[in-house]
Amino acid sequence: MSTTETQRIEELANREYKYGFVTEVEEDRLPKGLNEDIIRQISAKKEEPEWMTEWRLKAFRHWLTMEEPKWSNVKYPPIDYQDISYYSAPKKKPKYNSLDEVDPAIRETYNKLGIPLEEQMMLAGVAVDAVFDSVSVATTFKDKLKELGIIFCSMSEAIKEHPDLVKKYLGSVVPYTDNFFATLNSAVFSDGSFVYVPKGVRCPMELSTYFRINASETGQFERTLIVADEGAYVSYLEGCTAPMRDENQLHAAVVELVALDNATIKYSTVQNWYPGDKEGKGGIYNFVTKRGACRGVNSKISWTQVETGSAITWKYPSCILQGDNSIGEFYSVAVTNNYQQADTGTKMIHIGKNTKSTIVSKGISAGRSNNSYRGLVKITKKAENARNFSQCDSLLIGNKCGAHTFPYLEINNSTAQVEHEATTSKIGEDQIFYLNQRGISTEDAVNLIVNGYVKEVLAELPMEFAVEAQKLLSISLEGSVG
Amino acid sequence: MLLEIKNLHARIEGNEILKGINLKVDAGEVHAIMGPNGSGKSTLASVLAGREEYEVTEGEIWYNGKNLLELSPEDRAREGVFLAFQYPVEIPGVSNTNLLKTAVNEIRKYRGEEELDAMEFLELLKEKSKLVELDQKFLSRSVNEGFSGGEKKRNEIFQMAVLNPKLAILDETDSGLDIDALRIVANGVNKLRSKDNAIIVVTHYQRLLNYIVPDYVHVLYQGKIVKSGGKELALELEEKGYDWVKNNKAEVTV
């Protein structure tokens with residue numbers, strides 16, 4: 001590559017994070033540190049019933065016996081878990097009937113992010129349960145959903161209003177003993193979304209939640225639970241952006257999905273948290289446990305993720321295919337630039353007969369970043385006629401980044417059909433020049449190539465999200481040409 | 001004068017390839033540049049298109065009143081310079097239609113024209129694809145991916161037809177073509193000839209020039225144009241071989 005081209009690439013790569021700003025809202029937070037007393041306080045602040053407090057404490061006691069996992073292909077300095085505040089909420093405790101009552105500073109933040117929280121949203125047919133730091137501040141479309149018997153509310157509200165459902169399903173997919181970060185989340189989770197779609201109901205709109213980490217040095221611990229009862233259908237969207245901060249911020253969320261007989265859950269994520277600056281300073285540590293259980297026959301869970309942000313991403317949205325004929329899907333685009341690190345993939349656990357899974361992973365690495373795909377396909381003894389297709393592609397931009405693929409296969413049934421395809425390619429100077437010669441600028445050329453590369457995954461996103469995701473990709477990669 | 005090259009010297013990785021090229025091309029003309037392997041034909045094409053690996057050390061290139069060497073590759077394209085690549089590049093996941101739509105609209109934007117709407121654009125593609133007998137299904141396929149050699153070259157000429165350049169440079173467009181494909185490609189090019197544009201045909205063989213009949217033929221040897229003439233020069237060259245040029249080099253130096 002010629003020097004000028006390299007220079008141009010580096011110039012363009014030095015683009016600042018667009019969403020770096022901090023909203024000034026009075027907040028209510030607990031002192032740093034983690035102990036049983038803190039957990040009781042979190043639970044008390046949230047006015048939780050005793051059973052919930054106990055569950056948190058059980059998780060905390062278990063967590064004390066655990067060690068932070070070290071197996072992933074990411075590097076970060078040790079986290080001092082006693083140096084984090086585990087609860088932060090806007091002080092003016094919100095109880096809004098309409099969006100107009102929401103703190104103007106918070107609404108301004110959403111506006112800066114371009115989140116259509118108001119009429120635009122209604123027009124778009126999106127119901128948003130907006131999580132600002134740890135407490136839900138606005139919920140729309142509730143009445144319409146209520147008519148159909150659909151519950152879409154914050155986790156805190158669900159614990160109070162729908163304790164039987166929460167007791168039945170919380171921790172049933174990701175038990176509180178599951179892994180270091182999930183266990184921590186079980187002990188201290190702040191808020192998140194709860195969705196229940198009753199038998200035979202098809203949720204008529206995309207449900208979506210925007211998460212935002214706002215207060216400095218506050219770990220964010222969302223907990224989301226989505227249950228689709230027999231024959232139900234729901235599509236859920238999660239989108240994230242976070243303001244610029246120097247301190248690394250820990251985020252350890254848990255998402256649990258349960259699909260009963262003939263139910264379908266589609267879960268889409270666009271993740272654009274602060275990735276740290278060009279030198280790799282700051283940024284979010286995104287250590288997330290996402291798992292879905294296809295419990296019923298003919299059930300289906302489909303994960304789609306577009307991961308462009310965070311300093312470190314560690315997540316493996318997975319499917320446990322228990323029901324016969326159940327289907328698991330994982331479509332992923334993970335972009336890393338500058339010093340970002342991502343170790344992400346999925347687990348498909350085939351238990352029922354005739355279960356099928358599809359994995360399409362598209363990694364894009366630029367700058368000095370490291371991008372790993374890690375995936376497990378497990379076919380258990382009883383899983384007759386299980387089928388899996390995996391495709392793991394890596395695209396390199398420049399020559400200082402890395403792409404790695406760690407596929408694990410465990411096949412215990414000889415009727416299984418498992419296919420794995422993997423490719424690694426690089427955006428070549430010759431491709432860029434070819435497009436330049438057709439009148440297309442280098443930046444547009446990269447976008448064209450990247451969008452071509454990921455279109456299979458973006459096609460899985462709901463329309464309005466696909467557009468946003470496309471914008472995010474070009475922002476994340478602007479100038480990282482190679 | 002559409003294009004004027006004056007005493008052009010260019011090198012790559014320290015090796016001087018072009019050693020003083022002089023060439024004038026007017027609108028409405030077709031020039032053939034012939035020469036043995038390594039004479040600098042493809043280098044000349046690349047320098048005109050603005051490939052950055054080539055360093056111009058001396059000389060000037062004036063195009064349509066502008067200093068071509070000061071323009072980026074994309075601006076040259078937007079000004080109407082088109083290079084049909086000797087080795088068209090594969091771009092997985094990007095359809096021909098998508099590439100051309102982006103290209104046409106970028107070029108129009110540069111010229112202060114409105115973008116074409118989807119219908120107008122599809123009409124344009126349909127019309128132009130007939131010129132090179134390109135099946136419609138190629139439009140939705142990824143650029144050059146899995147195309148045969150002949151299909152790639154046809155696709156280049158198809159792109160040329162859509163982009164409608166003022167100056168087209170065909171870099172060894174005949175290489176790798178069987179006789180039928182050659183005829184189709186040449187027919188396409190001939191239909192695109194007009195009094196407003198010029199075409200530079202870079203080729204090793206005379207064969208292509210039976211189909212695309214040039215107004216002028218130049219022989220490039222060791223980085224210089226050593227002989228220029230009318231279309232009959234190509235025939236003479238074919239008959240006598242490049243050794244004839246090599247042996248007579250001293251006498252015909254321009």
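In what follows, every chain begins at residue 1, and chains take the letters A, B, ... in the order their sequences are listed. The figures that follow rest on heavy atoms only: side chains count, while hydrogens, waters and symmetry mates do not.
Heavy-atom neighbours of chain A within the stretch residues 123-148 of chain B, taken at a separation under 4.5 angstrom, comprise B:V143, B:N144.
Applying the salt bridge (Lys or Arg N to Asp or Glu O under 4.0 Å) test to residues at least two apart or on different chains, the pairs with a partner in residues 149-176 of chain B are A:R438-B:E156, B:K41-B:E172, B:E90-B:K152.
Ranking B:E106, B:R78, B:E79 against chain A, the residue ahead of the rest is B:R78, based on heavy-atom pairs under 4.5 Å. Put simply, of B:I107, B:I91, B:V104, the one with the most heavy-atom pairs under 4.5 Å next to chain A is B:I91.
Residues satisfying the side chain to side chain donor-acceptor pair (under 3.5 Å) criterion with B:R51, sequence neighbours excluded, are absent altogether. Scored by the side chain to side chain donor-acceptor pair (under 3.5 Å) test, A:E456 finds no partners at all (sequence neighbours excluded).
Residue A:K356 qualifies as open at atom NZ: its count of foreign heavy atoms under 6.0 Å is 12 or below. Heavy-atom neighbours of B:R108 CZ from other residues, nucleotides or ligands within 6.0 Å: above the threshold of 12.
Residue contact with chain B, scored on non-hydrogen atoms closer than 4.5 Å, is absent for A:N451. Residue contact with chain A, scored on non-hydrogen atoms closer than 4.5 Å, involves the side chain of B:L163 exclusively.
The two residues B:T102 and A:L448 make their nearest non-hydrogen contact at OG1-CD1, 3.7 Å. Counting all heavy atoms, side chain and backbone alike, A:G439 lies closest to B:A77 at N-CB, 3.3 Å.
Note that CG of B:L100 is 8.0 Å distant from CD1 of A:I440, once rounded to the nearest 0.5 Å. Taken to the nearest 0.5 Å, the CG atom of A:D444 stands 11.0 Å off from the CG atom of B:N105.
A 4.5 Å side-chain heavy-atom check between B:Y87 and A:Y434 finds every atom pair outside the cut-off. By the 4.5 Å heavy-atom criterion applied to side chains, A:Q437 and B:P73 are not counted as neighbours.
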